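Some notes on the structure that comes next.
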Amino acid sequence: MKIIKAIKQFYLTNKGISIIGIISLMISMSYVLTYKMPDYFGIEPLYAWLNNIAISYIAAMIFFVVQVYIPEQKNKKQCMEVLRNNFIDLVKFIDLSILVYQKHIEIKDKGAKLLWNGDGDEEKIYIKYSSCNDINNFSDRSYTKAEIFSFANQYNKKIEKIKHSSVIKFCDYELLEVLTKLETINFYKNIQYIIEYANTEINFQSFKISIIDLQKLNDKLKKLCGIDIKYQLHEVKEIDKVYADLPRSNVIKNITSIQELNVEIQKQNIKQQLKAQGVAATDKDINTIAQCMVESATKKNKSEEN
């Protein structure tokens with residue numbers, strides 16, 4: 001099966017060479033099969049000449065496969081292995097950006113509606129996502145307005161990192177072409193533009209075209225890189241917001257154990273709930289409650305294991 005797949009791949013990437021090679025092989029085989037047959041039409045000299053050309057072409061084609069094609073394929077494979085994580089990071093960034101746009105930005109006839117889901121009037125977007133292949137493995141993220149404005153720089157840096165890699169020269173031309181087209185997409189700059197002028201009379205309908213173009217290019221990039229990953233969003237709960245904001249917390253840097261991490265998560269969760277209910281409490285009380293909750297959960301888990 002691998003040989004058949006390799007032959008098919010060679011044919012698809014070198015159609016002209018392959019077609020002439022098949023014709024040459026047919027000419028050479030027909031000459032061998034008809035070698036002892038009488039020459040009724042007097043075409044033996046021409047036939048022999050064509051056979052010699054066919055044999056020469058087949059030999060040249062074998063040389064090309066062994067000396068050029070196979071080493072190139074090996075280099076391309078190694079190149080993709082080196083850059084695979086970079087490509088995965090890029091397509092994930094694009095996928096999540098599109099999901100955020102589809103969920104939190106509504107383009108109206110004039111202007112746009114921004115669906116922030118931060119607490120109160122906080123201009124922040126929280127998302128909970130997972131791979132479509134593993135819907136039980138969730139991740140939480142949050143984006144401030146300033147971070148959304150930095151999407152364009154992050155996007156360009158990810159592409160530049162790939163294109164400036166020392167092994168990028170071994171990639172397929174088609175792959176480089178897709179990367180170049182991705183650089184020209186103004187999707188991220190347009191998002192910034194929409195957020196800045198959402199409450200104006202500006203028409204953003206043309207922005208939808210850049211979404212379609214970006215999605216198509218990203219799908220093509222996935223196909224070329226052999227990346228079969230899709231993401232989906234889930235309902236964001238208050239505890240998800242806590243998890244999403246933890247990386248920004250200075251407290252998290254000083255945590256040295258799972259126990260301390262769980263306590264900090266519970267503390268943030270309690271604060272969120274108290275804030276939503278308009279109830280005030282001291283940090284000492286919140287810390288005490290959080291520790292009791294974690295200790296209780298730990299004891300319960302141990303008893304269930306026993």
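Nothing here was measured: the structure is a model prediction, and the numbers come from that model.
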(request) Indicate the atoms forming the closest heavy-atom contact of Ile105 with Ile194, along with that distance. (result) CG2-CG2, 4.1 Å
(message) Quick check: closest heavy atoms across Ser18 and Met61, and the distance to 0.1 Å?
(response) CA-CE, 4.1 Å
(message) Check for me whether the distance between the ring centres of Tyr126 and Tyr143 falls short of 6.0 Å.
(response) no
(message) For a 4.5 angstrom cut-off between non-hydrogen side-chain atoms, does Val100 reach Ile191?
(response) no
(request) May I have the step-by-step check of side-chain hydrogen bond (donor to acceptor under 3.5 Å, both in side chains) for Lys189 and Tyr155, ending in yes or no? (result) CA-CA 10 Å; Lys189 290 183 179 179; Tyr155 175 72; over 6 Å; no
(request) Walk me through it: do Thr34 and Tyr47 pass the test side chain to side chain contact (heavy atoms under 4.5 Å, CB included)? (result) CA-CA 10 Å; Thr34 61; Tyr47 206 5; 3.5 Å; yes
(request) Determine, using the 4.5 Å side-chain heavy-atom cutoff (strictly less than), whether Val82 and Ile227 are members of one ILVMFWY cluster. (result) yes
(request) Establish whether Ile19 and Ile53 are linked, either directly or via other cluster members, by ILVMFWY side-chain heavy-atom contacts under 4.5 Å. (result) yes
(message) Please give me the minimum heavy-atom distance between Asn86 and Ile162, naming the atom from each residue.
(response) CB-CG1, 3.7 Å
(message) Taking side-chain hydrogen bond (donor to acceptor under 3.5 Å, both in side chains) as the definition, give me every residue that meets it alongside Asp95, ordered by chain and number, with sequence neighbours left out.
(response) Asn218, Lys222
(request) Check Cys225 against Leu175 and note the closest heavy-atom contact, atom names and distance. (result) SG-CD1, 3.8 Å
(message) If you define the side chain from C-beta out and look only at heavy atoms, does anything of Gln78 sit under 4.5 Å from Val167?
(response) no
(request) Determine whether Ser210 and Asn186 make a side-chain contact, defined as any pair of heavy atoms from C-beta on separated by less than 4.5 Å. (result) no
(request) Might you confirm whether atom CG of Leu12 has over 12 heavy atoms from other residues, nucleotides or ligands at distances under 6.0 Å? (result) yes
(message) Can you tell me how far apart NZ (Lys163) and CD (Glu160) are? Round to the nearest 0.5 Å.
(response) 9.0 Å
(request) Tell me, with the steps shown, if Lys241 and Lys124 meet side chain to side chain contact (heavy atoms under 4.5 Å, CB included). (result) CA-CA 10 Å; Lys241 294 181 180 181; Lys124 186 184 285 188; over 6 Å; no
(request) Kindly compute the distance separating CD (Gln215) from CD1 (Ile94), expressed to the nearest 0.5 Å. (result) 9.0 Å
(message) Can you tell me how far apart CD1 (Ile17) and OH (Tyr57) are? Round to the nearest 0.5 Å.
(response) 5.5 Å
(message) To the closest 0.5 Å, what do you measure between OG (Ser28) and CD1 (Ile23)?
(response) 13.5 Å
(message) Under the ring pair (Phe, Tyr, Trp, His ring centres under 6.0 Å) definition, can you give me all pairs with a residue in residues 63-100, not counting sequence neighbours?
(response) Phe10-Tyr69, Phe93-Phe151, Phe93-Tyr188
(message) Within this structure, what is the CG-CG distance for the pair Asn51 and Leu46, rounded to the nearest 0.5 Å?
(response) 11.0 Å
(request) For the pair Asp89 (side chain) and Asn85 (backbone), establish whether a donor and an acceptor sit closer than 3.5 Å, ignoring hydrogens and angles. (result) no
(message) Within the 4.5 Å heavy-atom criterion, are Arg84 and Ile88 side-chain neighbours or not?
(response) yes
(message) Taking CG in Asp134 as the centre, count heavy atoms belonging to other residues, nucleotides or ligands within less than 6.0 Å. Is the count above 12?
(response) yes
(request) Identify the two heavy atoms, one from Lys113 and one from Lys108, that lie closest to each other, and give their separation to 0.1 Å. (result) N-CE, 4.2 Å
(request) Answer yes or no: are there more than 12 heavy-atom neighbours, outside Lys161 itself, under 6.0 Å from its atom NZ? (result) no
(message) Let me confirm one number: the CE-CD1 distance from Met29 to Ile58, rounded to the nearest 0.5 Å.
(response) 9.5 Å
(request) Check the pair Val91 / Ile229 against side chain to side chain contact (heavy atoms under 4.5 Å, CB included), numbers first and verdict last. (result) CA-CA 9 Å; Val91 299; Ile229 301 176; 5.8 Å; no
(request) Tell me, please, which residues at least two apart from Tyr101 pass side-chain hydrogen bond (donor to acceptor under 3.5 Å, both in side chains). (result) none
(request) Could you tell me whether the side chain of Asn52 and the main chain of Trp49 form a donor-acceptor pair under 3.5 Å? (result) no
(request) Say whether Leu176 and Leu214 are linked into one hydrophobic cluster, either directly or through other cluster members, by side-chain heavy-atom distances under 4.5 angstrom. (result) yes
(request) State, to 0.1 Å, how close Ser131 and Gln232 come at their nearest heavy-atom pair, and which atoms those are. (result) O-NE2, 4.4 Å
(message) For the CG atom on Asn133, are there more than 12 heavy atoms of other groups (residues, nucleotides or ligands in this structure) within a distance under 6.0 Å?
(response) yes
(message) Is the shortest side-chain heavy-atom distance between Thr144 and Phe149 below 4.5 Å?
(response) no
(request) Start with the C-alpha distance between Ile127 and Lys103, add both sets of side-chain angles, then the distance that settles side chain to side chain contact (heavy atoms under 4.5 Å, CB included), and finish with yes or no. (result) CA-CA 9 Å; Ile127 64 169; Lys103 179 76 173 179; over 6 Å; no
(message) Less than 4.5 Å apart, side chain to side chain, heavy atoms only: is that true for Ile195 and Trp116?
(response) yes
(message) Tell me whether Asp172 contacts the main-chain N or O of Glu174 through its side chain, where contact means a donor paired with an acceptor under 3.5 Å.
(response) no
(message) Applying a strict under-4.5 Å side-chain criterion to I, L, V, M, F, W and Y, I'd like to know whether Leu224 and Ile159 cluster together.
(response) yes
(request) Identify which one of Tyr197, Phe187, Tyr193 satisfies the ring pair (Phe, Tyr, Trp, His ring centres under 6.0 Å) criterion when paired with Phe207. (result) Phe187
(message) Let me check something: do Leu25 and Val66 share a hydrophobic cluster, defined by ILVMFWY side-chain heavy atoms less than 4.5 Å apart, either directly or through other members?
(response) yes
